[in-house]
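Right, one structure below, let's go through it.
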Amino acid sequence: MTALAPSLLAAGFYISGILYQMHCLGKRLAVNASLLRAIGLIALLAHAVSLYIQLTTPQGFALGLFNIGSLISWLVVAVTLVSSFRAPVTSLLLGLYPLALITALLAGFFPEQGTTLATDQDGLLVHILLSVLAYGIFTIAAFQATLLAVQDYQLKHKHPTRFIRTFPPLQTMEQLLFQFLLCGEVLLTLALISGFVFLENMFAQHVAHKTLLSCLAWVVFGILLWGRHFRGWRGSNAIRWTLAGFLLLMLAYFGSKLVRELLLAA
């Protein structure tokens, strides 16, 4: 069974979610959160089917660049939809649905023969799943920080756009940001510990840069959480540190895979 059909179905529903939100913004209507969640749920189910087909192969789990990107975007949307039942985060979906749309189509149209993990490597699989979970949570935090920066800028200059007016108050946005950061830091800690436990050498030549950048990101997020708790850091400080840590993580994983699987393989 090909993964392209469910990928296209998922893309269709992601597009529907994007168009619905844009229609509400254009007409100055309140977004129906239940309808937006229903659209997202159908998209996630189709996306999950395509992911299962793409990731599971007779040789093991296909963990190439596009497949992992698609998996992370699926996780990000899923976590955001679940979080929307208790927190006002539906505004994030206007940026996250396009991300999921693009990664689902890339994985669907370009089946990969990249990195494969044997099914009997349980410890390594735990490490990879924890890493993906951490990256997904920090992706949401990065989107949250970006929206917070836009909201703060427009409110200070007294010309908030229609989109910004749909956001919760700044204080609520900051609280949500630090909740995501704390959750991501815990997952990243577990991912690093599992890597040191299950990998023979976390500083071997082919993974040394990834380990170093991930550890630096862990330190950056740790300092930010410390500063929030003991120094009351907020606003631009929180935004800059969040985006800096996320950039380190992005370089740690996607930078290395981009060079190794696309540029060097060309």
Side-chain angles (χ1 to χ4, degrees), residues 71-73 75-93 95-96 99 126-153 155-156 167-199 202-203 207-256:
L71 176 60
I72 289 174
S73 68
L75 173 68
V76 166
V77 172
V79 170
T80 305
L81 285 175
V82 172
S83 300
S84 71
F85 283 98
R86 61 176 182 83
V89 294
T90 52
S91 55
L92 293 176
L93 294 172
L96 296 179
L99 175 68
V126 168
H127 167 67
I128 291 173
L129 289 177
L130 285 170
S131 300
V132 169
L133 284 169
Y135 192 92
I137 297 298
F138 281 126
T139 299
I140 299 174
F143 268 94
Q144 185 83 357
T146 302
L147 292 176
L148 185 59
V150 174
Q151 183 183 23
D152 184 55
Y153 176 84
L155 289 175
K156 284 181 179 177
F167 288 10
L170 275 174
Q171 185 177 3
T172 303
M173 291 283 283
E174 283 189 348
Q175 289 174 349
L176 291 171
L177 172 62
F178 280 96
Q179 287 174 11
F180 286 129
L181 288 172
L182 179 59
C183 181
E185 183 75 340
V186 171
L187 288 168
L188 182 57
T189 302
L190 293 174
L192 289 171
I193 291 173
S194 65
F196 283 108
V197 171
F198 295 119
L199 288 177
M202 280 280 278
F203 291 98
V207 294
H209 59 286
K210 185 183 297 186
T211 302
L212 178 60
L213 288 170
S214 297
C215 289
L216 285 175
W218 182 85
V219 171
V220 167
F221 289 125
I223 291 173
L224 174 55
L225 290 168
W226 175 87
R228 170 69 170 185
H229 184 74
F230 292 102
R231 297 292 182 88
W233 287 0
R234 51 178 301 178
S236 58
N237 270 334
I239 293 165
R240 284 196 297 266
W241 282 81
T242 299
L243 295 180
F246 179 72
L247 178 61
L248 288 170
L249 274 186
M250 188 167 62
L251 289 174
Y253 188 80
F254 285 105
S256 61

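All values below were derived from every heavy atom in this structure, side-chain atoms included, with hydrogens, water molecules and symmetry-related copies excluded. Note that the coordinates shown come from a computational prediction; the quantities given were computed from them, not determined experimentally.
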Review point. Hey, what do you get for CG (N237) to CD1 (I223), rounding to the nearest 0.5 Å?
Key: 12.0 Å

Practice item. Kindly indicate, with the supporting measurements, whether the criterion side-chain contact (heavy atoms from CB on, under 4.5 Å) is fulfilled by F143 and T80. Key: CA-CA 11 Å; F143 268 94; T80 305; over 6 Å; no

Exercise for review: Search all heavy atoms of L96 against all heavy atoms of V77 and return the closest pair with its distance.
Suggested key: O-CG2, 4.0 Å

Study note, to complete from the structure: Heavy-atom closest pair (E174 atom, R234 atom, distance to 0.1 Å) is OE1-NE, 3.2 Å

Practice item. Please examine the side chains of L81 and L93, heavy atoms only from C-beta on, and report whether any two atoms are closer than 4.5 Å. Key: yes

Revision key, fill the gap. d(L181 CG, L176 CG) to nearest 0.5 Å is 11.0 Å

Check your understanding: Can you tell me how far CG of L248 sits from CG of L212, rounded to the nearest 0.5 angstrom?
Key -> 9.0 Å

Practice item. Drop me the distance from L147's CG to L177's CG, to the nearest 0.5 angstrom. Key: 10.5 Å

Check your understanding: Taking side chain as C-beta onward, heavy atoms only, is S236 less than 4.5 Å from D152?
Key -> no

Review point. Do other residues, nucleotides or ligands put more than 12 heavy atoms under 6.0 Å from the CH2 atom of W218?
Key: no

Practice item. Check whether any side-chain heavy atom of I72 lies under 4.5 Å from a side-chain heavy atom of V76, and answer yes or no. Key: yes

Exercise for review: With rounding to the nearest 0.5 Å, note down the distance linking CG in L192 to SG in C215.
Suggested key: 5.0 Å

Check your understanding: Which atom pair, heavy atoms only, marks the closest approach of A145 to L243?
Key -> CB-CD2, 4.3 Å

Review point. Taking side chain as C-beta onward, heavy atoms only, is F178 less than 4.5 Å from L182?
Key: no

Study note, to complete from the structure: In terms of heavy-atom contacts, A191 and S194 come closest through O-OG, 2.8 Å

Exercise for review: Assess the pair F138 and F180: is the distance between their ring centroids shorter than 6.0 Å?
Suggested key: no

Check your understanding: Just wondering, do L188 and E185 contact through their side chains at under 4.5 Å, heavy atoms?
Key -> yes

Practice item. Grab the two heavy atoms, one from G184 and one from I137, that are nearest each other, plus how far apart they are. Key: N-CG2, 3.5 Å

Check your understanding: Got a second to check how far Q144's CD is from S83's OG, nearest 0.5 Å?
Key -> 10.0 Å

Point to revise | Closest non-hydrogen atom pair between T90 and S84, with its separation | key: CG2-CB, 3.8 Å

Point to revise | Side-chain heavy-atom pair F246, T146 within 4.5 angstrom cut-off | key: no

